[in-house]
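Computed over heavy atoms, backbone and side chain alike; hydrogens, waters and symmetry mates excluded.
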Amino acid sequence: MSMNSVSSRRSFLSAAAAIGAAAMLPSSNRSVLAATAPSSAPAWAGYTGTVVIDTLGSPGGAIDDDSNQLSARDLDDVRKSGLTALNLTVNADGIGSYARNFEGAIGEIAYWNAQIAAHSDALMQVRRAADIAEAKRSGRLGLIYGFQDAAPFGESLDRLDTFWNLGVRIYQLTYNKRNLVGDGCLEPANAGISAFGRKLVEKLNERKALVDLAHAGERTTLDAAAASKAPIAISHTGCSAINPNPRNKTDNELKQVADKGGYVGIYLMPFLRGKGQPMAADLIAHLEHAIDVCGEDHVGIGTDGSISPIAVTPEFKKKFADEIADRRKRGISAPGEDPNVYTFIPDLNRADRFDRIAELLAARKHPDACIAKILGGNFARLLNDVWGA
């Protein structure tokens, strides 16, 4: 694996993980930037026995050294999180870049394979639906390899065989820009899915891979939802009805995905609010709106962040600024990204944030069965439906 790939992964994690946008952080909120310590016992009584899945996230976030390896703190936070599995982006080095995306994806996969081998007591790869149950049983974090762009395919759909054999199971069709598959959410033309993209969706269906429409433009989302013969996912997004931002999905998009048996994951990103720093209440509002539109069987959480809480140190600030500068240079920066504005929810800046979200949902009188679905049951069901047992 190239050092470029490793250093990109570390920068990617420390810059608030899968950075997608930024929002203004009022000076009155500066004091909440420090990580909140998790409680010793779960806040929601059902948490320990529930399958909990982050549908876009990553181990890491703690910055202990420059070794580019998961640290003891990273692994401790994995255990504290209570997560069963997560959708892990393995083309991070080349998102939005055809020039380096294939090689970058291979390097990222090799990196995570090595991390799993080095920490087999804490991590495992998920290749089939039954692996989710095994991750829960064994107390390990299941890593589901996924792409956040179709760029690793280049012009060759035959590469799907390579990626599948390497364990990639989730395939996001576009990032923010246009690619050969279709238009991303920042493309003003909103041209939808291409003929090449329809062939890719067909091949993904044949392979029983999960199609992901996060970052896709509106027409691309609707076209792909109509073209897919299997249920699909929007792994990490928000609700446009609450905040009309290009990264959020309209009620029509949400409903089309849900009506086909699909899944919508709500993220913990600044797009949850039009102005100011989103807080946990904003996340709950988006979750509840998505439940109203999609039904409780089709909604979950894709944080778009790291498991470990973010500490805003001088090192973090520099890496965060470097990441945004790189994204601007590559033309994939969303409106509002700023090196002085951070991409996490301060009152959920803790390793056990899913437990806290469950507690907040319970306080809103959501039944325990519904909360369990939101935390991971719905996504586990989707994987079983698409992949088979």
Side-chain angles (χ1 to χ4, degrees), residues 1-12 15 17-21 56 87-112 145-204 207 209-217 219-221 223-224 227 235-236 246-247 304 322-334 337:
M1 177 181 60
S2 69
M3 287 302 295
N4 197 19
S5 176
V6 176
S7 61
S8 173
R9 186 200 73 86
R10 212 52 172 155
S11 175
F12 189 73
I19 182 173
L56 199 285
N87 170 20
L88 175 71
T89 301
V90 292
N91 68 314
D93 182 60
I95 284 178
S97 169
Y98 275 97
R100 58 180 181 172
N101 214 311
F102 178 77
E103 292 78 8
I106 298 301
E108 290 290 315
I109 291 168
Y111 173 85
W112 285 107
Y145 291 176
F147 286 166
Q148 274 203 81
D149 197 347
F153 287 94
E155 298 181 59
S156 176
L157 297 182
D158 290 339
R159 286 180 176 177
L160 177 56
D161 292 336
T162 298
F163 300 141
W164 185 265
N165 290 335
L166 291 171
V168 182
R169 294 293 183 264
I170 300 175
Y171 295 84
Q172 186 174 297
L173 298 187
T174 73
Y175 197 62
N176 288 343
K177 298 196 301 181
R178 174 179 294 165
N179 62 19
L180 293 179
V181 168
D183 277 8
C185 63
L186 298 186
E187 286 290 342
N190 192 27
I193 197 170
S194 67
F196 180 80
R198 291 180 186 277
K199 291 180 181 178
L200 175 58
V201 170
E202 182 180 357
K203 286 186 72 71
L204 292 172
R207 182 61 87 166
L210 179 61
V211 176
D212 184 0
L213 296 172
H215 287 272
R219 280 195 59 191
T220 298
T221 299
D223 288 350
S235 62
H236 57 297
R247 275 292 286 114
D304 204 0
D322 289 347
E323 179 70 18
I324 290 180
D326 180 65
R327 288 170 59 81
R328 288 176 176 170
K329 181 179 178 181
R330 291 190 281 140
I332 61 172
S333 176
E337 290 188 15

Contact between [X] and [Y] at the side-chain level, heavy atoms closer than 4.5 Å - yes or no?
X    : Y    : answer
Y98  : L180 : yes
V211 : L173 : yes
L56  : Q148 : yes
L210 : R169 : no

If you compare all heavy atoms of [X] against all heavy atoms of [Y], which two are closest, and at what distance to 0.1 Å?
X    : Y    : answer
A224 : I193 : CB-CD1, 4.1 Å
L213 : T220 : CD2-O, 4.5 Å
N87  : G146 : OD1-CA, 3.7 Å
G184 : T174 : CA-OG1, 3.5 Å
Q172 : S235 : OE1-OG, 4.3 Å
P246 : C185 : O-CB, 3.2 Å

Partner set under side-chain contact (heavy atoms from CB on, under 4.5 Å) for A195, not counting sequence neighbours: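 Scan of A195 (side-chain contact (heavy atoms from CB on, under 4.5 Å), adjacent residues dropped) gives none.
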
Out of curiosity, [X] [atom1] to [Y] [atom2], how far, rounded to the nearest 0.5 Å?
X    : Y    : atom1 : atom2 : result
D183 : N176 : CG    : CG    : 11.5 Å
F196 : E155 : CZ    : CD    : 7.0 Å
R247 : H215 : CZ    : NE2   : 3.5 Å
E202 : L200 : CD    : CG    : 10.0 Å
N91  : F102 : CG    : CZ    : 12.0 Å
I109 : L88  : CD1   : CG    : 10.0 Å

Who pairs with [X] by side-chain hydrogen bond (donor to acceptor under 3.5 Å, both in side chains), at least two apart in sequence or on another chain?
X    : value
R219 : none
D223 : none
R207 : D161
T221 : K249, E253

Checking R159 side chain against P152 main chain: does a donor-acceptor pair fall under 3.5 Å?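 Yes, the answer is positive, given that a donor and an acceptor are paired below the 3.5 Å cut-off.
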
Please lay out, stage by stage, how L166 and V90 fare under the test side-chain contact (heavy atoms from CB on, under 4.5 Å). CA-CA 11 Å; L166 291 171; V90 292; over 6 Å; no

Stepwise side-chain contact (heavy atoms from CB on, under 4.5 Å) test for Y175 and L186: CA-CA 9 Å; Y175 197 62; L186 298 186; over 6 Å; no

Can you list everything that forms a ring pair (Phe, Tyr, Trp, His ring centres under 6.0 Å) with F147? Sequence neighbours excluded, please.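 F147 satisfies ring pair (Phe, Tyr, Trp, His ring centres under 6.0 Å) with F163, Y171 only.
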
